[in-house]
Structures are given as C-alpha cells and as structure tokens.
Protein chains: 2
Amino acid sequence: MTRTSPDIRVAVSTVIFTLRPSPEGATLALPLVRRTRDPFEGLWALPGGWFDETEGLDAAASRTLAETTALAPSYLEQLYAFGDVDRSPTRVVSIVYWALLRQDQVDEQRAAHEADGTAPENVQWFAAEDLPRLAFDHNTIVDYALWRLRNKVGYARIAHGLLPDEFTLADLREVHESILGRKLDPANFRRQIEASGTLIPTERFRTGSHRPARLYRYDGAIELAARGPIPTPTDTDTTDRNEER
Amino acid sequence: MTRTSPDIRVAVSTVIFTLRPSPEGATLALPLVRRTRDPFEGLWALPGGWFDETEGLDAAASRTLAETTALAPSYLEQLYAFGDVDRSPTRVVSIVYWALLRQDQVDEQRAAHEADGTAPENVQWFAAEDLPRLAFDHNTIVDYALWRLRNKVGYARIAHGLLPDEFTLADLREVHESILGRKLDPANFRRQIEASGTLIPTERFRTGSHRPARLYRYDGAIELAARGPIPTPTDTDTTDRNEER
DNA sequence: ACAAAAGTGTTTGACATACACCCATGT
DNA sequence: ACATGGGTGTATGTCAAACACTTTTGT
C-alpha cells in the first residue's frame with residue numbers, strides 16, 4: 001500500500017467496428033494501424049495512444065479514435081484493461097475500448113479521401129474474421145471485442161449504431177445477421193424489434209425492386225443499453241459501461 | 001501516438017463481497033480500509049494499492065486482496081477501469097476488481113483474530129447497502145460492483161462462491177435472496193438450479209429442527225460463467241473476464 | 001401473371017411463476 | 001400430533017422459433 005508507483009505506462013486502444021458491403025450481405029470490418037517503430041514494427045495494431053494528462057479515459061478513447069478515422073463513434077464502451085507483464089517489452093497497461101461507426105459516415109470519409117488524395121497512410125481496414133497476426137496481444141483483444149459485440153447485440157439495442165439514421169427492418173436484420181453469422185427469421189425479427197419499442201416508424205418507404213419497406217429511425221430517448229445504477233457518462237452521450245447484463 | 005506517457009499512476013482496488021449473518025438471513029458485507037494519509041485522510045476506502053512492476057493485473061488484485069483479508073477469493077473478476085481526471089488530486093487510473101469470499105473462511109479468519117488479538121488495524125467490514133461516504137469515487141464504484149453482482153447472479157453460477165464447499169439448496173437460495181433483495185420460490189429455485197446441472201448432490205444431509213436437507217457441492221468441471229472465446233485466466237483459476245452478458 | 005420481398009397469423013415448445021400438495025424430521 | 005421446512009406436481013402466462021399465408025410492388 002505504501003510503495004510508490006513503479007514505471008508503468010497507460011495506453012488506450014480502441015477496437016472500431018463498422019460494416020462493409022460484401023458478397024454475402026455485409027461484413028464486420030475494423031481499421032488497423034501499421035506500426036512504424038520498434039516493438040512489432042511492420043505489424044498491424046489497434047489504433048490508440050498514450051493518455052493526455054488532462055483527459056478522462058472515455059475522452060482519450062474518443063480522441064485516438066478521431067485521430068485514426070476522423071469520425072465520431074455512434075457507440076463507445078470500455079472493453080477491458082489488459083496488463084499482463086509480458087504483453088509488451090516495456091510495462092504497459094492498455095485500457096481498451098470498442099466502438100461502432102455508422103456505415104454511411106465511413107463511406108463518406110472514404111470517398112473524401114479518394115477524391116482529394118489524402119488517403120491516410122498506415123491505416124487500413126480489415127475484415128474482422130480474417131485478420132493477420134497483430135502486434136502485442138491485439139489478436140486476443142479483437143477476439144474478445146467480437147465476443148462482446150455478438151453477446152451484446154442479443155440483448156441491447158446497439159445494432160443501429162452501424163446504420164444510417166433511417167433504415168428498413170431488413171437493413172437492421174442484416175446487421176444482426178452479419179454480427180451473429182447466421183440467418184434470422186424476418187417475421188420473428190420484426191416482432192422482437194417492434195416489441196422492444198426502440199424504433200420509431202416513419203412515413204417514408206424505401207422503394208426497391210419489390211414491395212417498398214417502411215423506414216424506421218432509432219428512438220433517441222431510449223438508452224442504448226441497460227447500465228449501472230450510476231450512469232455518469234463523462235463526455236459523449238453514447239458512452240456506456242460494460243457488461244450489461 | 002508519438003507523445004510520451006505523462007505522469008499517470010496505476011492503482012488496483014477490489015470490492016470484496018462476503019455474506020454476514022443478520023436478522024433477516026444474511027447481508028452482503030465488504031471490508032474497507034481507513035485512510036491514514038492525505039487525500040481523504042480519515043475516510044474509508046476500498047482496499048488496494050499500486051502495481052508491482054512484475055505482476056499482472058489479476059495478480060495485483062489478488063495480492064492486495066490477500067494483504068487486506070489474508071484470504072484467497074473464490075471468485076475474482078475485473079470490474080472496470082476508472083480514470084476521470086478529477087477522481088483524485090493526483091492523476092490516478094484505478095483498475096478495479098470485484099471478488100467473492102466464502103462465508104466460512106471469513107468467519108475462521110475473524111475468529112483467529114479475536115483469539116490471538118491481532119485484529120487488523122484500520123480494516124472494518126460494512127454492510128454493502130449502508131456505507132458511509134467513501135474516499136475518491138469509491139461509493140460509485142461499490143454501487144457499480146453491486147449492480148454487476150446482482151446482474152450476474154441471475155445468469156451465472158457464482159452464488160456458491162459465497163458458501164462453504166457443501167451447502168443445502170436453502171443455503172444457496174438464501175444467498176440469491178440476499179443479493180437480489182427479494183424472496184424466491186423454493187420450488188422453482190430448486191428446479192432452476194437442478195436444470196442448470198452445476199450442482200452435484202452428495203449422500204450427506206444437514207439435520208436441523210425439521211426434515212433433513214440434502215447437501216450439494218459445486219461441480220468444479222463447469223465454469224463459473226461464460227467467458228470470451230480466449231479465456232486466458234492468467235493466475236487464479238477462478239479469474240474471469242467481465243460482462244458475459 | 002409472376003417473382004420476390006414486406007408484413008401477418010398461428011402453432012408449438014421451452015421456461016418462469018404461482019401455488020396446492022405430500023414427505024420427513026424434531027419437539 | 002403437529003409445526004416446519006424439504007421436496008414434488010401441476011396449471012398458467014410469456015416469449016421465441018418455425019412456418020404457412022397474405023400483401024404490395026417492379027418487371
């Protein structure tokens with residue numbers, strides 16, 4: 001208790017999920033950063049950085065996320081603190097967050113980069129299920145984040161965090177199917193979502209090659225997930241505690 | 001990414017739960033330590049300390065727990081990392097764990113202390129629902145740990161972590177009732193537990209003032225709680241990741 | 001007209017709740 | 001014998017899964 005704090009540095013990393021169009025509907029993807037210095041130089045790693053002394057944990061996660069993607073997350077939650085002795089040559093404790101980004105915002109960002117040629121160097125998006133060997137223990141961290149996402153989508157209304165403001169039930173179902181990796185019954189999915197009371201139907205419809213589908217939007221008055229008794233979201237209003245259930 | 005780590009210290013704290021006998025069955029209790037130095041001197045705080053440079057997060061939590069109670073936890077899980085800028089006069093990030101202690105072990109420990117007069121100074125057990133004002137943000141932390149415990153007891157088999165090796169279903173039900181704060185139907189409780197398949201019936205019975213009740217013990221081959229795809233419990237075999245559900 | 005997706009209705013089974021009832025022991 | 005908690009049986013409601021069916025559009 002009375003010993004002074006040894007030389008341990010604190011880092012923040014974030015597992016950032018979004019959906020990419022793919023042959024079979026959509027695929028979870030996340031951005032990685034190629035390391036340009038010694039520990040694990042050349043390998044891909046989760047975006048992150050050191051803490052600024054004047055910012056809280058959530059703020060640091062948001063900042064490093066913005067530095068990588070130039071986007072604000074639609075969902076942000078602390079995942080876990082990793083601090084094994086051997087996870088890095090020097091002693092580093094990483095506070096890891098996970099986040100969701102809206103599909104359309106990522107697309108806009110990507111289009112802008114292609115237009116003005118300011119493609120971010122050393123940042124690349126990978127399919128979440130097909131990652132290379134990552135630096136540090138980051139493969140373990142991504143696996144854990146994926147597990148948490150799949151778990152949480154079953155009981156918390158977070159899937160719309162990957163969609164634009166207005167979406168059809170088929171869109172939302174496709175998100176669930178992409179995350180869970182299996183098909184869902186459209187009829188039962190509709191009833192579950194409607195019963196949850198978290199979606200507001202609009203008067204607009206999406207017209208496609210078949211019968212038009214009603215567009216819905218998320219009811220912002222309802223919290224994304226059940227949280228602890230003392231919410232205390234420090235900065236973003238989309239920040240949440242972990243474990244919900 | 002390239003800035004160097006500022007002066008942030010990393011601490012570990014643990015919310016340690018056990019059950020105390022009380023008029024209405026049993027009550028959740030936790031040990032607190034009176035602060036003897038400046039930030040919040042005189043107030044009660046969660047047991048904890050700084051990290052040893054050579055130990056992992058889980059090990060540090062176990063160590064500080066042992067320093068406070070001289071006991072090994074029957075369950076240990078990381079709760080959350082707290083790092084608001086204003087939570088301490090100096091910048092401290094606390095990795096907080098929560099733990100369960102077996103009732104009988106705590107009793108033994110207490111009896112030993114009373115016998116040889118080595119009552120630990122500055123450590124005192126408090127009822128979890130009736131705490132004084134604590135140092136730092138520790139009231140918030142305890143509330144969150146209580147929420148997580150109540151949540152988790154509903155879907156994970158952790159309640160036996162508060163009981164001796166052999167116990168009756170009434171004992172186990174009392175634990176659930178104490179944690180949840182409401183009475184449970186004995187018949188339905190029995191069926192739920194039996195259906196979970198986590199308890200092994202013994203041939204022993206507890207004889208009381210009425211019909212003897214069968215003693216059960218926990219099936220150690222079954223994990224306490226569903227965990228992520230990559231378990232990696234670093235030291236204790238009772239260590240678990242947070243949030244399962 | 002027909003294909004295909006949107007949306008509705010119905011049946012089934014799993015499971016939690018409520019509660020009536022029987023069992024076995026100490027006093 | 002009887003009070004008390006241990007333990008079983010049974011009816012009810014909720015909800016998710018499965019799937020047949022109707023509706024509405026584009027071609």
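Chain identifiers are assigned alphabetically (A, B, ...) following the order of the sequence lines, protein sequences preceding nucleic acid strands; residue numbering begins at 1 within each chain. Bear in mind the structure is a predicted one, so any value in this text is a computation, not a measurement. Heavy atoms only: backbone and side chains are in, while hydrogens, waters and symmetry mates are out.
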- Query: Is it true that A/R182 and A/E177 make a salt bridge, defined as a side-chain N closer than 4.0 Å to a carboxylate O?
  - Reply: no
- Item | Spatial distance of atom CG (A/L71) from atom CZ (A/R102) [nearest 0.5 Å] | 11.5 Å
- Message: Given 3.5 Å as the limit, does a donor-acceptor pair link the side chain of B/S13 with the main chain of B/L46, or not?
- Response: no
- Would you kindly give the OH-to-P distance between A/Y155 and D/dA16, to the nearest whole Å? 16 Å
- Could you state the CD-P distance from B/E177 to D/dG5, rounded to the nearest angstrom? 12 Å
- Task: Look at all strands and tell whether B/R173 reaches a base, only sugar-phosphate, or nothing, counting heavy atoms closer than 4.0 Å.
- Result: sugar-phosphate
- Query: Should the pair A/F167 and A/H160 be assigned to parallel (<30°), tilted (30 to 60°) or perpendicular (>60°) ring geometry?
  - Reply: parallel
- note: A/R214, atom CZ; D/dT23, atom P; distance rounded to Å ~ 17 Å
- Item | Interatomic distance where CZ belongs to A/F189 and P belongs to C/dA5 [whole Å] | 17 Å
- Taking C-beta and beyond as the side chain, do B/L149 and B/F17 meet within less than 4.5 Å on heavy atoms? yes
- Value in whole Å for how far the P atom of D/dG6 lies from CD1 of B/I193: 15 Å
- A/L172 CG to C/dA6 C1', in whole Å, measures 15 Å
- Note on the structure: With sugar-phosphate taken as primed atoms, P, OP1 and OP2 and all else as base, the protein-contact string of nucleotides 15-27 of chain C at under 4.0 Å (heavy atoms; B, S, -) is -SBBB---BBBS-
- Note on the structure: A/R190 CZ to C/dT10 P, in whole Å, measures 17 Å
- Note on the structure: Of all heavy-atom pairs linking A/Q78 and B/A81, the shortest is OE1-N, 2.8 Å
- Message: Distance check needed: D/dG5 P versus B/L184 CG, whole Å only.
- Response: 16 Å
